[in-house]
Amino acid sequence: MPFTLATWNINSVRLRADLVADLCRAEAPDILCLQECKSPVDKIPFETFEALGYTHSIARGQKGYNGVAILSKLPMEDAGHFDFAGLDQARHVAGRLDDGTLIHNFYVPAGGDVPDRERNVKFGQKLDFVEEMRTHFGGSRPERSILVGDLNIAPREDDVWSHKQLLKVVSHTPVETEALTAAQEAGGWVDVTRKDIPEGQLYSWWSYRSPNWDAADKGRRLDHIWASPDIAGSAGGSRILRHVRGWEKPSDHAPVFATFDL
DNA sequence: ATGGTTGACGTTCAA
């Protein structure tokens with residue numbers, strides 16, 4: 001069964017419901033995973049997405065912050081959620097397709113500004129969250145599974161505009177990139193985007209604080225699509241829709257796409 | 001050395 005999967009940090013699903021609809025009309029992903037919905041579940045405009053064929057949805061939300069949702073044209077059942085690091089925040093939800101394929105949608109904590117857990121509680125929570133991803137997937141190694149989301153870490157040197165200048169910037173510090181790589185390896189996860197696009201600079205996020213984001217191009221690859229090793233061979237077609245970052249009133253993240261033929 | 005922008009909420013926090 002072939003399908004197209006996308007992940008997008010939408011930065012308010014209510015403010016940008018029209019952008020979600022535009023993306024769905026233009027690219028027609030079968031499954032769209034959203035992060036930073038910033039909305040209680042009962043205020044997400046699911047009817048807008050149902051009208052476009054996304055008749056199945058699973059979401060977790062809270063007022064104002066965080067929030068994750070999976071919109072799907074394919075039948076999907078709720079497969080539960082994690083509350084890593086004991087934060088009691090809506091940062092993960094999982095769905096299961098009819099063929100048993102499991103889809104994890106994560107929103108990893110951003111971690112604040114100071115990359116030191118002694119001085120910044122949020123950074124410690126981020127490291128704890130990623131460490132729990134490692135212990136979980138190391139303990140029950142994923143099969144027939146896909147993991148996507150805003151992981152808020154750019155692991156490779158070519159996942160940021162300047163490796164050297166970002167070594168002490170949260171999202172690219174060695175303690176973070178090593179923790180994310182450890183979590184990936186613990187589960188045997190294959191980085192699908194980098195399997196398909198192994199060479200060159202690749203970004204999915206550009207700060208709002210740069211007025212000329214496109215020309216300056218000081219991006220980072222924070223959004224990821226991983227596959228368990230048994231199905232990684234069926235993944236392909238990766239792309240990051242950079243032009244979406246240039247839409248009117250955009251999210252600061254661009255959507256990341258891949259296809260699977262399971 | 002530190003500002004720059006955005007969103008939700010409510011007169012500030014998080015990203």
Side-chain angles (χ1 to χ4, degrees), chain A residues 7-23 33-45 48 59-69 83-92 105-117 119-130 148-155 159-162 164-173 175-177 179-180 203-224 242 244-256:
Chain A
T7 179
W8 193 14
N9 178 316
I10 191 62
N11 188 18
S12 175
V13 71
R14 282 184 278 168
L15 188 69
R16 299 196 166 84
D18 289 345
L19 293 194
V20 173
D22 288 346
L23 182 77
C33 297
L34 300 172
Q35 303 88 33
E36 264 203 285
C37 298
K38 290 185 171 178
S39 172
V41 171
D42 61 7
K43 292 188 175 176
I44 296 174
T48 301
R60 290 185 62 230
Q62 60 185 88
K63 187 178 177 182
Y65 301 103
N66 310 313
V68 285
D83 181 29
F84 289 158
L87 298 175
D88 195 27
Q89 297 174 345
R91 294 185 175 277
H92 170 265
N105 182 15
F106 275 100
Y107 175 49
V108 171
D113 290 330
V114 180
D116 176 356
R117 69 186 308 156
R119 294 199 290 144
N120 170 16
V121 172
K122 291 182 188 305
F123 192 71
Q125 291 171 341
K126 180 179 195 176
L127 295 180
D128 291 345
F129 192 101
V130 177
V148 310
D150 177 3
L151 305 185
N152 264 315
I153 297 172
D159 290 336
V160 294
W161 66 274
S162 169
K164 193 174 175 182
Q165 291 181 75
L166 288 172
L167 274 170
K168 292 181 179 177
V169 174
V170 173
S171 72
H172 193 62
T173 64
V175 65
E176 290 171 88
T177 58
L180 188 67
Y203 316 136
S204 65
W205 174 88
W206 295 261
S207 172
Y208 284 130
R209 299 179 192 181
S210 177
N212 55 339
W213 70 272
D214 196 18
D217 201 21
K218 293 184 174 180
R220 308 176 200 170
R221 187 172 72 103
L222 305 180
D223 304 275
H224 300 268
R242 180 187 175 108
V244 171
R245 178 62 178 79
W247 284 357
E248 193 168 343
K249 293 274 283 178
S251 167
D252 45 354
H253 294 252
V256 181

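Below, chain A is the first sequence line, B the second, and so on; all start at residue 1.
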Is the side chain of A/R16 donor-acceptor paired with the backbone N or O of A/P250 at a distance under 3.5 Å, no angle test? yes

Determine the interatomic distance between P on B/dT5 and the same-named atom on B/dC9; round to the nearest Å. 23 Å

Which nucleotide in the set B/dA14, B/dG7, B/dC9 lies at the smallest distance from any side-chain heavy atom of A/K122? B/dA14

How far, in whole Å, is B/dG10 from B/dT6 if one measures between their P atoms? 22 Å

So does A/R16 get a side-chain nitrogen or oxygen closer than 4.0 Å to the phosphate oxygens (OP1/OP2) of B/dG7? yes

Those residues that, when tested against A/D223, pass side-chain hydrogen bond (donor to acceptor under 3.5 Å, both in side chains) (two or more places apart): A/S204, A/H253

I'd like to check the side-chain hydrogen bond (donor to acceptor under 3.5 Å, both in side chains) partners of A/D128; sequence neighbours left out, ordered by chain and number. A/R117

Sugar-phosphate, base or nothing in reach of A/R91, heavy atoms under 4.0 Å: sugar-phosphate

So if I take every side-chain heavy atom of A/K38 and compare against B/dA8, B/dT6, B/dC9, which nucleotide ends up nearest? B/dA8

Using atom P of each nucleotide, how far apart are B/dA1 and B/dC13 to the nearest Å? 26 Å

Please tell me which of A/P109 and A/L15 maps to the more 5' nucleotide of DNA chain B, matching each residue to the nucleotide holding its nearest heavy atom. A/L15

To the nearest Å, give me how far apart CD (A/Q62) and P (B/dC13) are. 17 Å

Return the CG to CG distance between A/N152 and A/N9, rounded to the nearest 0.5 Å. 7.5 Å

Round to a whole Å and report the spacing from CG of A/D252 to P of B/dA8. 12 Å

B/dA15 base / A/R209 side chain donor-acceptor hit below 3.5 Å: yes

Out of B/dC13, B/dT6, B/dC9, which has the shortest distance to the side chain of A/Y65? B/dC13

Gap in Å between the two C1' atoms, one belonging to B/dA8 and one to B/dT2, rounded: 26 Å

Name the residue closer to the 5' end of DNA chain B, choosing between A/P250 and A/D113 according to the nucleotide with the nearest heavy atom. A/P250

